[in-house]
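Hydrogens, waters and symmetry mates play no part in the numbers below; they use all other heavy atoms, side chains included.
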2 protein chains.
Amino acid sequence: MTRDSLLPLLAAHVLTHGLGQASLRPLARAAGTSDRMLLYHFGSKEALMADLLGHIAQVYAAALDAAMGAERAASRGEVVARILAQGDAAAMQPFLALWWEIVAGAVRGIASYRTAARAMMDELLGWLETQMPADDPDPKGGARYLLTLIEGTLMLGAIDHGDTAHDGLLASGLLRP
Amino acid sequence: MTRDSLLPLLAAHVLTHGLGQASLRPLARAAGTSDRMLLYHFGSKEALMADLLGHIAQVYAAALDAAMGAERAASRGEVVARILAQGDAAAMQPFLALWWEIVAGAVRGIASYRTAARAMMDELLGWLETQMPADDPDPKGGARYLLTLIEGTLMLGAIDHGDTAHDGLLASGLLRP
DNA sequence: AAGCCTGTGTAGCAAGTGCTACATTTATCG
DNA sequence: CGATAAATGTAGCACTTGCTACACAGGCTT
């Protein structure tokens with residue numbers, strides 16, 4: 001059991017149960033080892049969480065790569081629709097649920113959370129830029145505009161205000177009814 | 001020490017220290033009482049949190065009321081600028097920091113968090129509608145559009161991507177450079 | 001073969017968690 | 001005043017938290 005072979009098991013547990021349940025003994029159980037060994041491999045819980053969040057950010061990046069469509073979208077609205085469909089996919093749900101815990105931790109100043117949040121958002125923004133329509137007049141600014149809208153939509157969806165966000169997107173003119 | 005006189009003290013502690021540190025003994029210390037008495041007044045920690053989050057939602061609503069400008073904005077961009085300036089205000093920072101913990105809890109299915117999140121977002125949306133320009137062609141949809149943008153901006157700001165959001169707002173055409 | 005480093009199990013510690021039992025004070029009402 | 005109820009203090013329980021001390025195996029080099 002090396003450190004690298006443990007990370008996927010730990011990530012799986014955190015993705016389904018959340019960061020609140022991420023204490024050493026449950027994590028160890030999920031990875032088939034003991035709290036003693038987790039500390040042996042990672043040094044401390046803080047270091048473990050840093051490694052783990054880093055690993056999760058990598059997995060997220062890989063998931064985005066895998067989801068990257070071959071051909072570009074024809075309009076900004078199509079980009080938004082594609083990404084939101086992507087966000088609704090079952091495979092992305094655990095990431096979304098985890099995301100808000102990471103944001104909350106980042107705001108509270110926990111360094112590893114900040115790092116993971118930045119990494120995941122950089123990844124998403126980069127991906128978004130590649131997805132912009134070929135004839136977009138301002139792909140860079142447009143990607144940032146869409147990212148802001150998308151994140152707002154995801155947040156509203158997370159608190160049962162999905163309809164609000166949907167109506168907002170309709171009013172933006174990006175989506176057709 | 002009645003239940004209602006305790007709530008502001010508890011809210012103050014939670015607003016500055018976060019929900020992660022909200023265990024009975026620290027809360028009791030902040031309110032000048034004992035864990036024993038908190039349970040006596042609220043019945044259980046779960047009930048306490050429900051009451052507390054409800055109270056915080058009320059305080060938030062009051063803060064929004066107090067911040068409501070007298071005259072309407074002239075354009076959607078001005079509405080966004082006003083609200084973001086409002087969000088940057090020191091008085092709102094504790095609410096913002098708490099907000100993401102509430103969202104994270106809501107996503108994990110904790111009922112009282114969901115309720116508080118809904119209440120606060122309903123309040124903000126209602127406030128936003130009153131702030132829309134008088135000549136806006138679609139105040140209701142527009143408010144939802146702006147809400148989505150604003151929440152996305154706040155989230156990006158929370159993870160050091162404030163510049164990204166700002167560029168996005170510029171690209172949206174709502175804000176002038 | 002002797003020693004040593006890496007990996008692992010067992011047991012435990014001090015602190016903190018929500019909550020409870022019991023006793024006691026304080027206030028209210030007949 | 002005396003009784004009854006509401007409010008509070010003191011101790012503690014069973015459990016979880018991150019982390020550590022100690023022992024002990026197995027394979028490695030010399």
J.: With ring-ring contact (aromatic ring centres under 6.0 Å, His included) as the rule and sequence neighbours excluded, what pairs involving residues 17-36 of chain A come up?
T.: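 Every pair satisfying ring-ring contact (aromatic ring centres under 6.0 Å, His included) with a residue in residues 17-36 of chain A: A:His13-A:His17.
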J.: Please identify each residue that fulfils side chain to side chain donor-acceptor pair (under 3.5 Å) with B:Gln58, with sequence neighbours left out.
T.: none
J.: What side-chain donor-acceptor pairs closer than 3.5 Å can you find for residues 162-177 of chain B, not counting sequence neighbours?
T.:
from	atom 1	to	atom 2	distance (Å)
B:Thr164	OG1	B:His161	ND1	2.7
B:Ser172	OG	B:Leu169	O	2.5
B:Ser172	OG	B:Leu174	N	3.1

J.: Taking atom C1' of D:dA6 as reference, at what distance in whole Å does atom CZ of B:Arg36 sit?
T.: 11 Å
J.: May I have the list of side-chain donor-acceptor pairs in residues 104-116 of chain A shorter than 3.5 Å, sequence neighbours left out?
T.:
from	atom 1	to	atom 2	distance (Å)
A:Arg108	NH2	B:Glu101	OE1	3.2
A:Arg114	NE	B:Asp160	OD2	3.1
A:Arg114	NH1	A:Ala106	O	3.0
A:Arg114	NH2	B:Asp160	OD1	3.3
A:Thr115	OG1	A:Ala111	O	3.0

J.: Contact class for B:Ser44 vs. all strands (heavy atom < 4.0 Å): base, sugar-phosphate, or nothing?
T.: sugar-phosphate
J.: With distance as the sole test, does A:Ser44 use its side chain to make a donor-acceptor pair with the main-chain N or O of A:Ala47 at under 3.5 Å?
T.: yes
J.: To the nearest Å, how far apart are A:Leu48 CG and D:dG18 P?
T.: 10 Å
J.: Just how far, in rounded Å, is P of D:dG18 from CE of A:Met37?
T.: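 The distance from CE of A:Met37 to P of D:dG18 comes to 17 Å, rounded to the nearest Å.
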J.: With 3.5 Å as the limit, what N/O pairs link the protein to nucleotides 15-17 of chain D?
T.:
from	atom 1	to	atom 2	distance (Å)
D:dT17	OP1	A:Ser23	OG	2.2

J.: On DNA chain D, compare the nucleotides closest to B:Tyr40 and A:Leu39; which residue's is nearer the 5' end?
T.: B:Tyr40
J.: Which nucleotide of DNA chain C is the first, and which the last, in the 5' to 3' direction, to come under 4.0 Å of a heavy atom belonging to chain B?
T.: C:dT17 to C:dC22
J.: Can you sort out which residues in residues 105-117 of chain A have a heavy atom within less than 4.0 Å of DNA chain D? Ascending by number, please.
T.: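 Nucleic-acid contacts, sorted: none.
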J.: Going by side chain to side chain donor-acceptor pair (under 3.5 Å), name the residues that satisfy it together with B:Glu129, two or more places apart in sequence or in a different chain.
T.: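 Residues passing side chain to side chain donor-acceptor pair (under 3.5 Å) with B:Glu129: B:Arg144.
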J.: The criterion is salt bridge (charged side-chain N to carboxylate O under 4.0 Å, His left out); which residues satisfy it with A:Arg3, sequence neighbours excluded?
T.: A:Asp51
J.: Which residues pass the ring pair (Phe, Tyr, Trp, His ring centres under 6.0 Å) test with B:His41, not counting sequence neighbours?
T.: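 Partners of B:His41 by the ring pair (Phe, Tyr, Trp, His ring centres under 6.0 Å) criterion come out as none, since no residue qualifies.
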J.: For residues 85-106 of chain A, pull every pair meeting ring-ring contact (aromatic ring centres under 6.0 Å, His included), keeping only residues two or more places apart or in separate chains.
T.: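 Qualifying pairs, neighbours excluded: A:Tyr60-A:Phe95.
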J.: Please report the interatomic distance CG(A:Leu38) to CZ(A:Arg25), rounded to the nearest 0.5 Å.
T.: 10.5 Å
J.: With sequence neighbours left out, write down each residue that passes side-chain contact (heavy atoms from CB on, under 4.5 Å) with A:Thr16, or none if nothing qualifies.
T.: none
